[in-house]
Amino acid sequence: MSKKILVLPGDGIGPEITAQAVKVLEVLKRECELDVTLEEGHVGGAAIDAEGTPLSDETLARAQAADAVLLGAVGGPRWDDLPMEERPEKGLLRLRAGLGLFANLRPALLYPQLASASTLRPEVVAGLDLMIVRELTGGIYFGEPRGVRTLENGERQGYNTLVYSESEIRRIGRVAFETARRRGKRLCSVDKANVLECTRLWREVMDELAGDYPDVELTHMYVDNAAMQLVRAPKQFDVIVTTNMFGDILSDEAAMLTGSIGMLPSAALNERGQGMYEPIHGSAPDIAGQDKANPLATILSVAMMLRHSLGEPELAEKIEQAVSDVLDEGLRTADIHTEGTRLVGTEEMGDAVVAAFIRRLWNTEDVKDPGHCRHAGLSNEID
Ligand code: IPM
Ligand code: MG
C-alpha cells in the first residue's frame, strides 16, 4: 500500500529547503518505485496566515493519518508579538504532542570534508559521531501549571513546571539504550540531579533500566558539565539521553561542532513508528527567499525517514553518500563555505545532491538488491 508523506514547509527558509528534499523524494518515486504519496499542508506562521491558527485540526488529522511528516521550519519576526498560545512554535509543539512523538533522535555527525568549517580545532572534532536522544513530549515544555500571574503585592510572576513520570522516563530510556546498543554501546544520561528532584528520578529510572542492557555502558553527567564536555572533548560521547529542554540546548551546541547547524537532520518518533522529520535548525528569516539556505539537513532528514518510517535503510545510506559526494566535489552553501570551495545556492546544492544520488543508484555494484531500483532501464537517459 502506498505510504503517505505529509510535507509541511512552514516559514522562512522552510519552503526552499523542503523543495530540495522533495526533489529527492521524487527521484525515489521515479527511479526506485518507492510507493509514496506526497501531500502538502501549512504549519507555523504560514498556517496562521492561511488558516488563522499555527496548526489546524485538519492538518493535525492529516499528520496523524500519514506514515511520516517532513517539516521545514517555523517562526519569524512577523509573528513574534503574538501571545504564546498563537505563536508559530505552538504548531510544532502541537504536532509533537498530537502525534505522541516522544523520542527525538538528533545525530551530530561531522563530515570529514567539513572539519575546517567548525569553530573548534579540526583534531577536536574530526571523526565526531554522536547521537542525542531528546525526550520530546514532556518535561518543562508541557508541564502544568504554567503561566504569568500577578501576586497580591501587584508584582508579576512567571512559572513553569518540570515534570516527568516514571513511565515517560522509562520509554525514552529504552529508545536510548536500544540506540546505544546499535552503535558504540555507550550511553550518557544528562540531568541536573544535584538540584532538581525530577531529574533525580530520571537518573534512578535510567539506573534501573541499565539492568536490562548489560552490554551498554551507562554513565551520568550533570547538564552544565555536559555542555562543557561537548566543546572540550566531544568525541567522548556516543549516545546522550536527556530531557526536553536540556536536549534542545545541547543539540544546538552539538550541531555547531559539525561546522554548521545547517547540516543536521532529526527524527521524532512515536510508539507506532510514525515519525516527523525535520532539520534541527530554525527558519532563518534573515536569509529566507534568497537561495542562500543549506538544504542538506532537510535532505538528510529524508534519509532518516527512509530508515525509521519507510523501512529502506539502503536507500537512506545512498542519500547520505550523495551528500558526502557533493561535499567531495567542493560544493558549499554560505554557512559551510571556506576558502578553496565553491559557493552555491540552495537550488544548485539540491540539484547536485539529486545528481549524485542518481549516480549512486546506478552504481549497481553496491546495490545489494539490483532489482530494487530501475536504474538499468534508465541507462540511456543520463551519462
Ligand atoms: C527545536 C526548536 C523548537 C524547540 C522550537 C522551535 C519550539 O528549537 O526543535 O529544537 O524548542 O523544541
Ligand atoms: Mg532548538
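Scope of the values below: all heavy atoms of this structure, side chains included, with no hydrogens, waters or symmetry mates. Not measured: the values here are computed from a predicted model. Numbers for residues simply follow the sequence, beginning at 1.
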Heavy-atom count check: over 12 atoms from other residues, nucleotides or ligands less than 6.0 Å from [X] [atom1]?
X      : atom1 : value
Asp81  : CG    : no
Arg200 : CZ    : no
Arg146 : CZ    : yes
Met256 : CE    : yes
Glu123 : CD    : yes

Heavy-atom pair with the smallest gap, counting every atom of [X] and [Y]:
X      : Y      : value
Leu110 : Gly127 : CD2-N, 4.3 Å
Pro234 : Arg232 : CD-C, 3.8 Å
Arg94  : Leu55  : NH1-O, 2.5 Å
His308 : Tyr277 : CB-OH, 3.3 Å
Asp191 : Phe246 : C-CE1, 3.9 Å
Thr333 : Pro295 : CG2-CD, 4.1 Å

Return the [atom1] to [atom2] distance between [X] and [Y], rounded to the nearest 0.5 Å.
X      : Y      : atom1 : atom2 : value
Lys29  : Leu34  : NZ    : CG    : 9.0 Å
Met276 : Ser309 : CE    : OG    : 11.5 Å
Thr161 : Tyr141 : OG1   : OH    : 15.5 Å
Ile249 : Ile132 : CD1   : CD1   : 11.0 Å
Glu312 : Ile319 : CD    : CD1   : 10.0 Å
Leu310 : Leu28  : CG    : CG    : 9.0 Å

Polar side-chain atom of [X] near backbone of [Y] as donor-acceptor pair, under 3.5 Å:
X      : Y      : result
Arg62  : Glu40  : yes
Asn270 : Leu99  : yes
Glu197 : Ala193 : no
Asp67  : Lys3   : no
Asp291 : Glu347 : yes
Arg134 : Asn244 : yes
Gln274 : Gln64  : yes
Thr346 : Glu16  : no
Ser301 : Glu278 : yes
Asp11  : Gly75  : yes

Considering only heavy atoms from C-beta outward, does the side chain of [X] approach that of [Y] to under 4.5 Å?
X      : Y      : answer
Arg174 : Asp212 : yes
His281 : Ile13  : yes
Val190 : Tyr222 : no
Arg359 : Gln321 : no
Gln229 : Cys188 : no
Arg156 : Leu151 : no
Glu86  : Ile48  : no
Leu109 : Thr258 : no

| message | I need the single residue from Thr59, Leu92, Val74 that forms a side-chain contact (heavy atoms from CB on, under 4.5 Å) with Leu8. Which is it? | response |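 Answer to the side-chain contact (heavy atoms from CB on, under 4.5 Å) test with Leu8 among Thr59, Leu92, Val74: Thr59.
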| task | Sort out for me which residue in Ile17, Leu296, Leu71, Leu264 forms a side-chain contact (heavy atoms from CB on, under 4.5 Å) with Pro279. | result |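 So, applying the side-chain contact (heavy atoms from CB on, under 4.5 Å) to Pro279 and each of Ile17, Leu296, Leu71, Leu264, only Ile17 qualifies.
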| Sequence neighbours excluded, which residues qualify as ring pair (Phe, Tyr, Trp, His ring centres under 6.0 Å) partners of Tyr164? |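 For Tyr164 the ring pair (Phe, Tyr, Trp, His ring centres under 6.0 Å) partners, ignoring immediate neighbours, are Trp202.
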Are [Y] and [X] co-members of a hydrophobic cluster defined by side-chain heavy atoms under 4.5 Å apart?
X      : Y      : answer
Val69  : Val22  : no
Ile287 : Leu343 : no
Ile299 : Met263 : yes
Ile358 : Val323 : yes
Val195 : Leu162 : yes

Could you check whether [Y] and [X], counting side-chain N and O atoms only, form a donor-acceptor pair closer than 3.5 Å?
X      : Y      : answer
His42  : Asp49  : no
Ser260 : Asp335 : yes
Thr18  : Thr298 : no

| Name the one of Arg183, Lys235, Arg186 that satisfies salt bridge (charged side-chain N to carboxylate O under 4.0 Å, His left out) with Asp129? |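 Option passing the salt bridge (charged side-chain N to carboxylate O under 4.0 Å, His left out) with Asp129: Arg183.
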| query | Between Ser251 and Arg106, is a side chain to side chain donor-acceptor pair (under 3.5 Å) present by the stated rule, with each step listed? | reply | CA-CA 7 Å; Ser251 61; Arg106 298 193 159 192; 2.9 Å; yes
| said: Check Lys318 with Glu314, please: is the shortest side-chain N to carboxylate O separation under 4.0 Å? | reply: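 No, this pair does not count.
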| message | Between Glu320 and Arg307 (salt bridge meaning N to carboxylate O under 4.0 Å), is one present in this structure? | response |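 The answer is yes: the pair qualifies as a salt bridge.
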| query | Passes side-chain contact (heavy atoms from CB on, under 4.5 Å), Val163 versus Phe142? Steps please. | reply | CA-CA 8 Å; Val163 54; Phe142 292 93; over 6 Å; no
| request: I would like to know whether Arg170 and Glu208 meet salt bridge (charged side-chain N to carboxylate O under 4.0 Å, His left out); could you show each step before the answer? | output: CA-CA 9 Å; Arg170 196 163 289 119; Glu208 286 163 23; 3.3 Å; yes
| field | Within 45° cone and under 6.0 Å: Arg272 NZ/CZ vs Phe102 ring | value |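 The answer is no; the distance or angle limit is not met.
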| query | Is the NZ or CZ atom of Arg181 both under 6.0 Å from the centre of the six-membered ring of Tyr213 and within 45° of that ring's axis? | reply |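 No cation-pi geometry.
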| Ser324 and Gln113: side chain to side chain donor-acceptor pair (under 3.5 Å), yes or no, with the steps? | CA-CA 8 Å; Ser324 187; Gln113 302 93 322; 3.0 Å; yes
| request: Take Lys23 and Asp351 through the test salt bridge (charged side-chain N to carboxylate O under 4.0 Å, His left out) and record every step on the way to the result. | output: CA-CA 8 Å; Lys23 284 182 193 167; Asp351 291 339; 2.7 Å; yes
